Student: 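Sending over a structure as structure tokens; questions will come in a sec.
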Amino acid sequence: MKMKPRITHRFKVTPKAAAKLQEELKCRLETGRPLEFDEVGLVAGADVSYLRGDERMFAAVSVFTYPDMEPVESRWGSTPVGFPYIPGLLAFREAPALLSVLRRLACEPDVILIDGHGVAHPRGFGIASHIGVLLGVPTVGVAKSVLVGEYVMPARRAGSRAPLVYNGETVGLAVRTRDGVKPVFVSVGNLIDLESAARITLSCCGRYRQPEPIRAAHRLSNVARAGRA
DNA sequence: GCGACAG
DNA sequence: ATCTTGTCGC
């Protein structure tokens, strides 16, 4: 039984309509749910890469066993770019490609780590939340930079965190995944709580800043692009 | 109007 | 995201 979107909608819409869709879909969000780590056996990572003058984007997903982090499945695919990059509307650009690849997965990840934000978003509905709602699967947003909110630099040691606050609310955490590296910004996507999101992210990190599943997906999307398939 | 702004 | 050489640090 593969993952199928339980909710579908058009992605080729006006920016105005896109923002409205986010406001509507936000009602289906289920945050604050502790992740049952004992039942997590598969963790996936997802990312997208582009080719300058090409109309296509290359999405990739890599799945690892948890907590052993052994690779079990990878998938990638190219999709025509159908929406421009607009801060706050990233999902309308990349989600179509990611969903296309995710549904071709033979296995069903228990949680998906996505390159981008979850609720740490202007309307509380970033790409990680969007994909999490459409698929009904726990998701976590792991971004390399801030979209909204403020934070104080966390301690230098791996594992240190500092709240990312937006409109007086803690919408995410600046997490130091390795000693001395720049922090990544973790936020809830869907069907998970912030503490679990931070824990799963940290426990998936090897010797690099980004959690292993996302790194693998990032590399795979780059390989796919290089092959221009 | 000005600056900020995931990938 | 992508375009790019050298360069600082472990």
Side-chain angles (χ1 to χ4, degrees), chain A residues 11 15-16 18-19 21-22 25-26 29 45-61 76-102 112-133 139-151 156-158 164-167 171-175 177-190 194 197 201 206-211 213-228:
Chain A
F11 278 99
K16 173 80 170 181
L21 269 168
Q22 295 181 321
L25 292 171
K26 176 165 56 177
L29 262 184
D47 192 25
V48 178
S49 68
Y50 301 80
L51 222 186
R52 313 176 300 170
D54 201 305
E55 312 305 322
R56 301 168 297 171
M57 55 185 155
F58 303 80
V61 175
W76 64 269
S78 66
T79 306
V81 177
F83 199 89
Y85 168 66
I86 299 175
L89 298 179
L90 179 64
F92 287 82
R93 180 178 174 78
E94 303 189 340
L98 292 176
L99 290 169
S100 168
V101 173
L102 285 166
I112 305 172
L113 306 183
I114 298 172
D115 195 64
H117 290 101
V119 301
H121 173 279
R123 288 169 292 284
F125 203 73
I127 190 169
S129 296
H130 204 131
I131 289 176
V133 165
T139 54
V140 176
V142 182
K144 299 179 291 301
S145 62
V146 173
L147 174 57
V148 296
E150 305 175 331
Y151 70 101
R156 190 173 183 294
R157 306 302 303 273
L164 176 62
V165 181
Y166 181 55
N167 288 333
V171 297
L173 295 170
V175 179
T177 54
R178 296 293 293 167
D179 286 14
V181 303
K182 292 185 300 181
V184 293
F185 303 89
V186 178
S187 60
V188 169
N190 189 32
L194 187 54
T201 296
R207 45 196 296 196
Y208 301 92
R209 177 161 89 123
Q210 291 279 341
I214 289 182
R215 280 195 77 237
H218 190 283
R219 288 179 314 179
L220 179 55
S221 68
N222 278 7
V223 170
R225 177 185 59 188
R228 319 233 158 116

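None of the values given here were measured: they were computed from a predicted structure. Chain A is the first sequence line, chain B the second, and so forth, proteins listed ahead of strands; every chain is numbered from 1.
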Student: How many whole angstroms separate atom CG of D179(A) from atom C1' of dC10(C)?
Tutor: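 Taking atom C1' of dC10(C) as the reference, CG of D179(A) is at 13 Å.
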Student: Using a cut-off of less than 4.0 Å, is there contact between a side-chain N or O of K144(A) and OP1 or OP2 of dG7(B)?
Tutor: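 Checking dG7(B) against K144(A), a side-chain N or O does come within under 4.0 Å of OP1 or OP2.
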Student: Whole-Å distance between dA1(C) P and I214(A) CD1?
Tutor: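 Those two atoms, CD1 and P, are 12 Å apart.
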Student: Round to the nearest Å and state the distance from D47(A) atom CG to dA6(B) atom P.
Tutor: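 It is 15 Å, rounded to the nearest whole Å.
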Student: G141(A) near the nucleic acid: base, sugar-phosphate alone, or nothing, with a heavy-atom cut-off under 4.0 Å?
Tutor: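 Here G141(A) touches no strand at all.
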Student: Donor-acceptor pair, S49(A) side chain versus S221(A) backbone, under 3.5 Å?
Tutor: yes
Student: Return no unless some side-chain N or O of S49(A) is found under 4.0 Å from OP1 or OP2 of dG7(B).
Tutor: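 Answer no for this pair, as no side-chain N or O of S49(A) is under 4.0 Å from OP1 or OP2.
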Student: Applying side-chain contact (heavy atoms from CB on, under 4.5 Å) to I127(A) and R93(A), what does each step give before you reach the verdict?
Tutor: CA-CA 10 Å; I127(A) 190 169; R93(A) 180 178 174 78; over 6 Å; no
Student: Let me know the distance between CZ of F92(A) and P of dC5(B), rounded to the nearest Å.
Tutor: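 That distance rounds to 22 Å.
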Student: With heavy atoms under 4.0 Å as the rule, sort V148(A) into base, sugar-phosphate or nothing.
Tutor: nothing
Student: Which is true for Y85(A) with a 4.0 Å heavy-atom rule: it touches a base, it touches only sugar-phosphate, or it touches nothing?
Tutor: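 Base, at least one base atom sits under 4.0 Å.
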Student: Taking OH from Y166(A) and C1' from dC5(B), how many angstroms apart are they, rounded to a whole number?
Tutor: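 To the nearest whole Å, that distance equals 11 Å.
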Student: Please state how far atom CG in L90(A) lies from atom P in dA4(B), giving the value in whole angstrom units.
Tutor: 21 Å
Student: Base, sugar-phosphate alone, or nothing: which one does L98(A) contact when heavy atoms must sit under 4.0 Å apart?
Tutor: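 Answer is nothing: L98(A) stays at 4.0 Å or more from every strand.
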Student: I127(A) has an atom CD1; how far is it from atom P of dA6(B), in whole Å?
Tutor: 13 Å
